[in-house]
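Shown next, in C-alpha cells, is the structure this report addresses.
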There are 4 protein chains.
Amino acid sequence: MINVSIAGGTGYTAGELLRILLHHPEVNIESVISTTSVGMSVSDIHRDLIGETDLVYSDTFKNPDVIFLCLGHGLSREFLEKNELPAGCKVIDLGNDFRNQPEFGNRKFVFGLCEQNREEIRKADNVANPGCFATTIMLALLPLASKNLLTEDIHIHAITGSTGAGKKPGETTHFSYRDNNISVYKPFTHQHLEEISNTLISAGNSNLPQINFVPMRGDFTRGIFASLYTKWNGTITDDEAIAYFKDYYADSPFVFVSDKPISLKEVVNTNKCLLHIEFHNGYIHITSISDNLVKGASGQAVQNMNLMFGFDESLGLKLKGSAF
Amino acid sequence: MINVSIAGGTGYTAGELLRILLHHPEVNIESVISTTSVGMSVSDIHRDLIGETDLVYSDTFKNPDVIFLCLGHGLSREFLEKNELPAGCKVIDLGNDFRNQPEFGNRKFVFGLCEQNREEIRKADNVANPGCFATTIMLALLPLASKNLLTEDIHIHAITGSTGAGKKPGETTHFSYRDNNISVYKPFTHQHLEEISNTLISAGNSNLPQINFVPMRGDFTRGIFASLYTKWNGTITDDEAIAYFKDYYADSPFVFVSDKPISLKEVVNTNKCLLHIEFHNGYIHITSISDNLVKGASGQAVQNMNLMFGFDESLGLKLKGSAF
Amino acid sequence: MINVSIAGGTGYTAGELLRILLHHPEVNIESVISTTSVGMSVSDIHRDLIGETDLVYSDTFKNPDVIFLCLGHGLSREFLEKNELPAGCKVIDLGNDFRNQPEFGNRKFVFGLCEQNREEIRKADNVANPGCFATTIMLALLPLASKNLLTEDIHIHAITGSTGAGKKPGETTHFSYRDNNISVYKPFTHQHLEEISNTLISAGNSNLPQINFVPMRGDFTRGIFASLYTKWNGTITDDEAIAYFKDYYADSPFVFVSDKPISLKEVVNTNKCLLHIEFHNGYIHITSISDNLVKGASGQAVQNMNLMFGFDESLGLKLKGSAF
Amino acid sequence: MINVSIAGGTGYTAGELLRILLHHPEVNIESVISTTSVGMSVSDIHRDLIGETDLVYSDTFKNPDVIFLCLGHGLSREFLEKNELPAGCKVIDLGNDFRNQPEFGNRKFVFGLCEQNREEIRKADNVANPGCFATTIMLALLPLASKNLLTEDIHIHAITGSTGAGKKPGETTHFSYRDNNISVYKPFTHQHLEEISNTLISAGNSNLPQINFVPMRGDFTRGIFASLYTKWNGTITDDEAIAYFKDYYADSPFVFVSDKPISLKEVVNTNKCLLHIEFHNGYIHITSISDNLVKGASGQAVQNMNLMFGFDESLGLKLKGSAF
C-alpha cells in the first residue's frame with residue numbers, strides 16, 4: 001500500500017486518475033491538492049464520484065510516496081520549485097514540462113512510455129508521462145522504428161476527443177460549435193511532434209524522415225483515432241511486419257494488433273491501444289486508437305506508477321470498456 | 001423593399017436572422033450593430049456566411065424601417081432608452097423585456113405569437129417576440145385554451161438544444177459535459193411560465209390550472225421537443241379535438257398536426273411547429289416540436305415582420321429543413 | 001470460484017456481462033452460447049474484448065453453477081424448456097419472461113431488485129432481473145412506496161439511450177435518424193409499467209395511484225434519465241423525506257441521493273443509481289439516473305449473482321465511470 | 001416552369017431533392033416514382049415534408065422535361081433500359097453508373113461538376129452527377145490540376161457523415177456503434193478515385209501522381225471534411241496560389257476560399273464548398289468541406305438542372321445553412 005498525492009486535483013486528468021486510483025488495491029490517496037477548491041469535497045467537482053469517496057481538497061500534500069502532477073503545461077516546474085517534496089517521494093508528471101527536457105535540479109525524468117522504457121521506468125524516481133496524441137502515434141510506429149524501417153515521409157491524420165482540450169470552456173469546445181462538427185488545428189506544427197521524434201530516434205531509427213501530422217478536433221469526448229502511413233520498401237514481407245508488431249508487444253498487457261479494422265470505441269474507457277495494419281499501393285497503413293484520458297494520460301500514469309513500485313503492470317487497470 | 005437593422009449582431013439569434021434575411025426578397029439589411037465588433041466583417045463572426053454577405057459591423061443604425069433587437073435579456077430597454085430611433089421605425093424585440101410588460105414610454109408591444117395575434121401584429125409598430133420554450137408549448141395548448149378546456153394540472157417536460165443557452169461558453173454547454181448527457185434545470189420555475197400563462201388566459205382560458213414545467217438540457221444543438229398532457233374530460237370527443245386543432249391552424253402556414261408520432265428533426269432548420277395528439281388513460285397527450293432558433297426566435301421574428309409590413313406571412317421562410 | 005455460462009452471447013447485454021465478468025475475481029466463464037456464432041471468437045463479435053479473452057462461442061453449456069439468459073424477450077422460457085440444466089444450476093434471466101410470471105415448472109423466480117429483495121435473492125435459485133426503465137423508476141419511488149406515500153397520480157418522463165433498443169439495426173436506431181433527435185414511444189403503455197406497479201405494491205403502497213409514463217428515445221447510447229413527480233401532501237417534511245431516502249439506501253452500495261442536481265453521465269459505465277429530490281408547487285420531484293446496460297441490466301445481474309453466491313454485493317462492480 | 005420527375009423517390013438523395021425542388025420557383029414536380037411505395041404520401045416517407053407537399057408516389061413518370069435518377073448504384077442503367085423516356089426528356093443521374101462510362105445507347109453523359117464543365121453542362125441532355133467525396137476533393141484540387149501542378153503523391157483523409165451510407169440501416173450506421181465513434185473504410189481503394197483521377201487529368205494535369213485516399217466514417221449525419229496535401233515545389237508563390245484559387249472560382253456561386261481555418265458546419269445544409277489553404281514544411285495543405293447531400297448530391301444535381309435549362313445557376317439553391 002502506497003500513499004499517493006494528486007496536485008491539480010480539479011482538472012480532467014486528475015478526475016480520471018481518481019476514478020482509477022480509488023479502486024486500486026495498493027493505493028491510499030492521501031491528498032488531493034487544489035489551490036482554488038481547498039475544503040470542498042472532491043465529489044463536488046468530479047460529480048460522478050459521489051458515493052465513492054469522502055476526500056476533501058487540501059492545499060498541500062502530507063507524506064506521499066508518489067505525487068502525480070496534473071497541472072497545466074509549464075506549471076509542473078513551478079510546483080516543484082515552490083514545494084519541497086518529502087525525501088523519497090517519486091514524481092509522475094502528466095504535463096509536458098519534462099518530456100523533452102528531462103533534467104530538473106537533481107531530478108532526471110524518464111520518458112514514461114511503458115512499452116518502450118519498461119525497465120528504465122521500474123528504476124525511475126521521476127517519470128514524464130507522454131502526451132495523448134504522442135502515445136497513440138508512437139505505439140503505432142515503435143516496432144518499425146526499432147528496426148530502422150522509417151525511411152520516407154510519414155503521413156498522419158489523428159482525431160481527438162474534446163476532453164483533450166481540458167476543462168476550461170472555450171469557443172471550440174462549445175457544444176453548439178463542436179457537435180456534428182470537424183476541424184483541423186495546428187496542422188504540421190503540433191507540440192507533440194518533438195516527443196514523437198525523440199522517441200522514434202531513441203528506439204533505433206536514427207535518420208528519422210519528416211513526420212507530417214494533421215491533428216483534428218472530433219465531435220466526441222474520449223479517444224484518439226490515428227491513421228498513418230509511410231512508404232513500404234518491402235525489406236521484410238507484409239506478414240513478417242505484422243508478426244513483428246505482435247511480437248514486439250507480446251509482453252505488453254495493453255497493446256494489441258487486431259487482424260480486423262478497428263473503431264475508436266473498442267478502446268474507450270480502457271487503458272488499451274489497438275493497432276491494425278494493412279498494405280496498399282506500396283504503403284504500410286496503420287490505424288491506432290486509444291482513450292486520451294486513460295492510456296493517453298491517467299491510465300498510463302498509473303501504469304508507470306505500477307512499474308515504479310514493483311506492482312503488476314496492469315494492477316487496477318483492467319477497466320471495463322464502455323464499448324458504446 | 002424595406003431597410004432593416006439588427007442590434008446585437010454577434011449572438012446566435014442575430015446570426016440566424018442574418019441567415020434568413022440575406023435571402024429575403026423584400027429586405028435590405030442596412031446595418032448590423034455590435035458594440036464589440038465595429039468594423040469587423042459579419043462573416044468573420046458568423047463564419048458560415050462567407051460568400052453570402054460583405055456586411056460590416058457598425059456602431060449604430062442608419063435609417064431603418066424596422067430594427068430587430070437581439071440583445072441579452074434586459075438590454076432591450078436600455079438600448080431604447082439610449083438610442084432615439086428614426087420616426088416610424090418599428091421594433092421587434094427578441095429578448096424578454098416586453099413580453100410580460102408591454103408598455104414602454106409611447107411604445108406598446110404586441111405579443112408576437114402570430115398564430116394567436118395575427119391581426120394585432122399586422123397593425124403593430126412594436127412586437128415582443130415570444131420565447132422558444134413558450135412558443136413550442138403555447139402552440140400545443142392554444143386550441144384547448146381557446147375553448148376553455150384546460151381545467152386540471154398541465155404536465156410538461158420539454159428538452160432544448162444547446163443553442164438556446166446562447167453563445168457564451170459555460171459549464172453546461174461544454175461539449176465534454178453535454179455530449180451524450182441529459183439534465184434538468186429550473187424545474188417548475190422557468191421564466192417562460194409567465195408568458196405561457198398570460199397567453200393561455202388571453203386566449204380564453206380564464207381559470208388557468210397549474211402548469212408544471214420541467215425543462216431539460218438535451219445533447220443536441222437545435223430544437224425543442226415538448227411532451228405535455230392534462231386530464232381530458234371528454235367535453236368533445238377525441239376526434240373532434242384533433243379536428244379542432246387542425247381547424248384552428250388551418251390558416252397558419254407553419255403549424256401542422258401530424259397523424260403520426262413526430263421526431264424533433266422533422267422541424268429542425270424550418271419555421272414549422274408540428275403537433276401530434278393522442279389520448280391515453282383519460283389524458284390528452286400532445287407532443288410539440290420546433291426549432292428554437294427559427295420558429296422559437298429569428299424565424300418567428302421574420303414572420304412578425306412579414307405581417308407588420310403586409311408581406312406574405314411566409315415570405316423568405318420556406319426553408320429547406322435539414323431532416324438529418 | 002464459480003462456473004458461469006451465458007446464453008444468447010452475441011447481444012448487447014451479454015457483451016456487457018462479459019465486460020464485467022472477465023474481471024470478476026470469483027468467476028470462471030465456462031461457456032458463451034450462441035446458436036448463430038458457434039466456433040467464432042467472442043472478441044470477433046464484441047470487438048472491444050480483444051486482448052481480454054480467448055473464449056469461443058459454443059452451442060451449449062458444460063456444467064455451470066449459474067447461467068445468465070441474455071435472450072430476446074419470450075425466449076427464456078423456450079430455452080429452459082429445451083435445455084435441461086445441470087442439477088443445482090442457478091438461473092438469472094435478463095429478459096422479461098419471469099418478472100411478472102415468476103412460476104415456471106419447479107422454478108420460482110425472485111424479482112431481482114437487490115435494493116428491495118436483498119434477503120430473498122440471497123436464498124434464490126432463480127432470479128428475474130428487472131428492466132432498465134423499471135429499475136431507474138422503482139429506485140426513485142421505493143422509499144415513498146415503503147411508507148405508503150404514493151397517493152396521487154405519478155408523472156414520469158424518462159429518456160433512454162439507444163443500447164436499450166438492442167443490437168438489431170432499425171429505423172429508430174439508424175444514426176442518421178437518431179443523432180440530434182428526440183422522440184416519444186409507447187406513451188402511457190410501456191411494458192415495464194407492470195413490474196413497476198407490482199414492486200411498489202409489494203413494497204407497501206397497497207393502493208397505488210395511476211402511473212403516467214412517457215418513455216423517450218434519446219440521442220445517446222447509454223443511460224436512462226427519469227424525471228418524475230407526484231403531489232406531496234406533507235405527511236412528513238421535505239427534509240425528513242430526503243433523510244428517509246438516504247436512510248433507506250444506507251446499506252445499498254450503489255444507490256445514492258445527491259444534494260445537487262444530477263446529470264446522466266455521472267452514472268454512465270457504473271452500476272450506480274443516483275437520485276436527486278426537490279420540492280416545488282406542492283409536488284415532490286425526483287430525478288433518477290442509471291446506466292441501462294449496467295445497473296439496468298448486466299451489472300444488476302452480477303449484483304444478483306453476488307448475493308446468490310454469498311459474495312460481497314459489489315464484488316467486481318466497482319467500475320470506473322466514463323464521466324465524459 | 002419545367003416538369004420534373006424523380007425516380008427512386010424514397011431514399012435520402014430523393015428526399016433532399018424534394019426539399020430543394022419544392023421551393024424552386026421554376027419547377028413543378030410532376031411525379032415521384034417508387035416501386036415499393038406507390039400510392040403512399042411522399043410526406044409519409046420523408047416525414048419532415050408534412051405541410052409542404054401533397055405529392056403521392058407513382059409507379060412511373062408522366063411527361064417530364066427532366067428526370068432525376070436517385071436509384072442505387074447500378075440501377076440507373078437498368079431503369080433507362082426498362083423505361084422509354086419521352087422525347088426530349090433530359091436525365092440527371094445521381095448514381096455512379098455514367099460517371100466513368102458516359103456512353104449509353106444514344107445518350108452521352110456529361111460529368112456534372114459545374115465548376116469544371118459549366119459550358120458543356122449548359123448544352124447537355126444527360127448529366128452524371130459527381131459523387132460526394134469526389135466533389136469535395138476535386139474542388140480542392142481543380143485549380144492546381146488546371147495548371148498541371150500536381151506532380152507528387154497526394155495525401156487525402158476525408159471524413160463523411162452517416163447519410164452518405166444511405167437509408168438502409170446496417171452495422172456501421174447503427175447509432176449505438178456510430179455515436180462518438182470513428183473508423184476507416186476502403187483505405188486507398190475507394191470507388192470515387194476513378195472519377196477524381198479522370199477529372200484532374202481532363203482539367204490539364206496529364207501526368208497525375210498517385211492519390212492516397214483514406215475515407216473515414218464520422219459520427220455526424222451531414223457533410224464531408226477533407227484534409228489533403230501534396231509537395232509544393234514553389235513554381236508559383238504561396239500568395240499567387242491562393243490568389244489563383246480565388247480567381248479560378250470567381251464566377252462560381254458556391255465555392256469560396258476562406259482566409260481562416262474552416263469547420264464542417266460552415267457549409268452544412270448549403271450548396272457551398274469552402275476551401276482553406278496553408279503551406280507547411282514544403283507542402284500545400286488544403287481543407288475542403290461540403291454537405292454530402294447538397295453540394296455532394298441533390299444540390300449539385302439542381303445546380304446542373306439550372307444550367308441545363310438556362311436558369312440562373314443558383315436558383316433555388318440559396319439555402320439557409322444550419323450553422324449549428
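This is a predicted model, so every value here is computed, not measured. Just so we're on the same page: letters track the sequence lines, and every chain starts at 1.
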Subject >> Salt-bridge contact D48(D)-R19(D) (side-chain N to carboxylate O under 4.0 Å) >> reply: yes

Original post:
For N180(B), is it the side chain, the backbone, both, or neither that has a heavy atom closer than 4.5 Å to a heavy atom of chain D?
Top reply: side chain

**OP:** Give a yes-or-no answer on whether the side chains of S41(D) and S43(D) include a donor-acceptor pair shorter than 3.5 Å.
**Re:** no

Subject >> Toward chain D, the part of D179(B) with a non-hydrogen atom under 4.5 Å >> reply: side chain

**OP:** Using only heavy-atom distances, determine whether the side chains of Q303(D) and N271(D) contain a donor-acceptor pair under 3.5 Å.
**Re:** yes

Subject >> Region of L293(D) that comes under 4.5 Å of a non-hydrogen atom in chain B >> reply: side chain

**OP:** Check each atom of R222(D) against the heavy atoms of chain B and say whether the ones under 4.5 Å are side chain, backbone, both or neither.
**Re:** side chain

**OP:** Assess the pair Y12(D) and F324(B): is the distance between their ring centroids shorter than 6.0 Å?
**Re:** yes

Original post:
What part of S322(B) lies closer than 4.5 angstrom to a heavy atom of chain D: side chain, backbone, both or neither?
Top reply: both

Original post:
Parallel, tilted or perpendicular for Y249(B) and F245(B), by the 30°/60° rule?
Top reply: tilted

Original post:
Can you say whether L49(B) sits under 4.5 Å from chain D via the side chain, the backbone, both, or neither, judging by heavy atoms?
Top reply: backbone

